[in-house]
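Quick notes on the structure that follows.
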Amino acid sequence: MACFPSLKKDTLKDITKPYLGVYECTEARWNEEDCLNRFSYIHLELKGDGTFILYYCEKDGEKRKETGRYHYDKEKSALTLMGRTGMIKREFPLKEGVLTVNIAFGGDNLNMQFEQK
């Protein structure tokens, strides 16, 4: 650390685990309808302890957050998100700081893209 006195301790995690940090939702579609304009923001934070927090706020709504766990597979360049109870578990591609989320609900589809800030 003496060689790099301006670096904080936690910064070393960012170097070894570049996927850590906050991702901003840049695209959200329900089927073909753009629904991102309904939100003030949607952010996903990947923490160093293997947990995530999804922060979002609908316009004219209250701030909300959802939590869970995640696992990053470097070989597959994939992120697996698991709900708090562990019953919901889904894998999504995470490449070059872009997380692509595609979820099918019956005949409907949710497509989202998050970019690392």
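The first residue of the sequence shown is numbered 1, and numbering continues consecutively from there.
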Exercise. Please lay out, stage by stage, how Lys89 and Met82 fare under the test side chain to side chain contact (heavy atoms under 4.5 Å, CB included).
Key: CA-CA 4 Å; Lys89 182 177 180 180; Met82 296 157 274; 3.6 Å; yes

Quiz item: Atom CE of Met112 and atom CD1 of Ile103: how far apart are they, to the nearest 0.5 Å?
Solution: 8.0 Å

Quiz item: Which pair of non-hydrogen atoms, one from Asn31 and one from Gly107, has the smallest distance, and what is that distance?
Solution: OD1-O, 4.1 Å

Quiz item: Can you tell if the side chain of Leu94 reaches within under 4.5 Å of the side chain of Tyr23, non-hydrogen atoms only?
Solution: yes

Quiz item: Say you draw a straight line from OG1 of Thr100 to CD of Glu115; how long is it, rounded to the nearest 0.5 Å?
Solution: 9.0 Å

Quiz prompt | Leu36 vs Ile42 side-chain heavy atoms within contact, under 4.5 Å | solution = yes

Practice problem: Kindly work out whether a path of hydrophobic side-chain contacts (I/L/V/M/F/W/Y, heavy atoms less than 4.5 Å apart) joins Tyr55 to Leu81. | Solution: no

Self-check item: Euclidean distance, Leu20 CG relative to Asp49 CG, rounded to 0.5 Å
Solution: 9.5 Å

Quiz item: Can you tell if the side chain of Val22 reaches within under 4.5 Å of the side chain of Glu45, non-hydrogen atoms only?
Solution: yes

Quiz prompt | Within-4.5 Å side-chain heavy-atom neighbours: Tyr56 and Ser40 | solution = no

Exercise. Step by step, work out the side chain to side chain contact (heavy atoms under 4.5 Å, CB included) result for Arg84 and Glu66.
Key: CA-CA 9 Å; Arg84 287 183 304 234; Glu66 304 293 332; 4.1 Å; yes

Practice problem: Verify the cluster assignment for Leu44 and Phe39: are they in a single hydrophobic cluster under the rule of side-chain heavy atoms below 4.5 Å apart? | Solution: yes

Exercise. Quick one: pull up CZ in Phe52 and OG1 in Thr67 and give me the separation to the nearest 0.5 Å.
Key: 7.0 Å

Quiz item: What residues, two or more places apart in sequence or in another chain, satisfy side-chain contact (heavy atoms from CB on, under 4.5 Å) together with Lys63?
Solution: Tyr41, Cys57

Quiz item: Taking all non-hydrogen atoms of both residues, which atom of Lys59 and which atom of Asn37 are closest, and how far apart?
Solution: NZ-O, 3.1 Å

Quiz item: To the nearest 0.5 Å, how far apart are OG1 in Thr80 and CD in Glu91?
Solution: 4.5 Å

Quiz prompt | Euclidean distance, Lys95 NZ relative to Ser77 OG, rounded to 0.5 Å | solution = 6.0 Å

Quiz item: Just wondering, do Leu79 and Leu46 contact through their side chains at under 4.5 Å, heavy atoms?
Solution: yes

Self-check item: Any donor-acceptor pair under 3.5 Å from Tyr19 side chain to Gln116 backbone
Solution: no

Quiz item: Quick one: ring-ring contact (aromatic ring centres under 6.0 Å, His included) pairs with a partner in residues 78-117, sequence neighbours left out?
Solution: Trp30-Phe105

Practice problem: Might you confirm whether atom CG of Asp60 has over 12 heavy atoms from other residues, nucleotides or ligands at distances under 6.0 Å? | Solution: no

